[in-house]
Amino acid sequence: QVQLVESGGGSVQPGGSLRLSCSVSGNIYASYLLAWFRQAPGKEREGVAVINEDGDTAYADSMKGRFTISQDNAKNTLYLQMNNLKPDDTATYYCAANAPSLMPVNHLQALATHEYRVWGQGTQVTVSP
């Protein structure tokens, strides 16, 4: 059973940066998708970025250029580097796993919440002056 634990959230001013981490434990299988999602108050959970076992990545259109997903397999850790943060980025951020999975990262469903069976507890990011 895969377990996910996020960390790194906090409060930052607009234009600032944060790096979120997600510790991955358990058997994640050889082929997988790991993703970041976020949920703002009163809004549905939305996909942010996804990565597979080969390091291929994909992003939601609104996050391209500002967010970077990466993984350190030696540390069993998933990251989300967020730059030029805006107040609209305020949300609880979750990491999630879809494993085993052969779905390509650019598949239309690669950032669909229903594709992910394992979720972390979330970490809060607040962007305000």
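Because only heavy atoms are used, hydrogens play no part in the values below, and waters and symmetry mates are left out as well, while side chains stay in.
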Undergrad: Indicate whether any N or O donor in one side chain lies under 3.5 Å from an N or O acceptor in the other, for His107 and Glu115.
TA: no
Undergrad: Taking the six-membered ring for Trp, are the ring centroids of Trp119 and Phe37 within less than 6.0 Å of each other?
TA: yes
Undergrad: Is it true that Lys86 and Asp89 make a salt bridge, defined as a side-chain N closer than 4.0 Å to a carboxylate O?
TA: no
Undergrad: Roughly how far, to the nearest 0.5 Å, is the CE atom of Met103 from the CG atom of Leu108?
TA: 9.5 Å
Undergrad: Got a second to check how far Glu44's CD is from Arg38's CZ, nearest 0.5 Å?
TA: 13.5 Å
Undergrad: Given the rule that I, L, V, M, F, W and Y join up when any side-chain heavy atoms are under 4.5 Å apart, are Val12 and Tyr93 in one cluster?
TA: yes
Undergrad: Would you kindly confirm whether Trp36 and Val24 end up in one hydrophobic cluster when ILVMFWY residues are joined by side chain heavy atoms under 4.5 Å apart?
TA: yes
Undergrad: Where is the tightest heavy-atom contact between Pro129 and Pro14, given as atom of each residue plus distance?
TA: N-CD, 3.6 Å
Undergrad: Is the terminal nitrogen or CZ of Arg19 (NZ for Lys, CZ for Arg) located under 6.0 angstrom from the six-membered ring centre of Tyr79 and within 45° of that ring's axis?
TA: yes
Undergrad: Please check: side-chain N/O of Asn27 versus main-chain N/O of Tyr29, any donor-acceptor pairing under 3.5 Å?
TA: yes
Undergrad: Under 3.5 Å, is there a donor-acceptor pair between the side chain of Glu6 and the main chain of Thr123?
TA: no
Undergrad: For residues Asn83 and Ser17, report the shortest heavy-atom separation together with the two atoms involved.
TA: OD1-OG, 3.0 Å
Undergrad: Checking Asn98 side chain against Ser101 main chain: does a donor-acceptor pair fall under 3.5 Å?
TA: no
Undergrad: Which heavy atom of Lys43 sits nearest a heavy atom of Gln39, and at what distance?
TA: O-NE2, 3.1 Å
Undergrad: Under 3.5 Å, is there a donor-acceptor pair between the Thr92 and Gln124 side chains?
TA: yes
Undergrad: Test your reading of the model: is there a side-chain donor-acceptor pair from Thr90 to the backbone of Val127, 3.5 Å cut-off?
TA: yes
Undergrad: Got a sec: does the CD of Gln121 have more than 12 other heavy atoms crowding it under 6.0 Å?
TA: yes
Undergrad: Quick check for you: to the nearest 0.5 Å, what is the distance between Asn76 atom CG and Ser23 atom OG?
TA: 7.0 Å
Undergrad: For a 4.5 angstrom cut-off between non-hydrogen side-chain atoms, does Val2 reach Arg117?
TA: no
Undergrad: Do Tyr59 and Leu111 share a hydrophobic cluster (ILVMFWY, side-chain heavy atoms under 4.5 Å, transitive)?
TA: no
Undergrad: So, for Leu4 and Cys22, which heavy atoms are closest and what is the spacing to 0.1 Å?
TA: CB-SG, 3.8 Å
Undergrad: Say you draw a straight line from CD1 of Ile69 to CD of Gln81; how long is it, rounded to the nearest 0.5 Å?
TA: 12.5 Å
Undergrad: Would you say Ile51 and Asp56 make side-chain contact, with heavy atoms under 4.5 Å?
TA: no
Undergrad: Is Met82 linked to Leu78 within one hydrophobic cluster, defined over Ile, Leu, Val, Met, Phe, Trp and Tyr using a side-chain heavy-atom separation of less than 4.5 Å?
TA: yes
Undergrad: Measure across Leu85 and Arg66 and return the closest heavy-atom pair with its distance rounded to 0.1 Å.
TA: CA-NH1, 3.9 Å
Undergrad: Go through the steps for Thr57 and Val50 under the test side chain to side chain contact (heavy atoms under 4.5 Å, CB included), then give the verdict.
TA: CA-CA 6 Å; Thr57 60; Val50 58; over 6 Å; no
Undergrad: What about Leu20 and Tyr94, same hydrophobic cluster or not, with Ile/Leu/Val/Met/Phe/Trp/Tyr joined at side-chain heavy-atom distances under 4.5 Å?
TA: no
Undergrad: Which residue is it: Leu80, Asp72, Thr77? I am looking for the one with a side chain to side chain contact (heavy atoms under 4.5 Å, CB included) to Ser21.
TA: Thr77
Undergrad: Between Ile28 and Ala99, what is the shortest heavy-atom contact and its length?
TA: O-CB, 3.2 Å
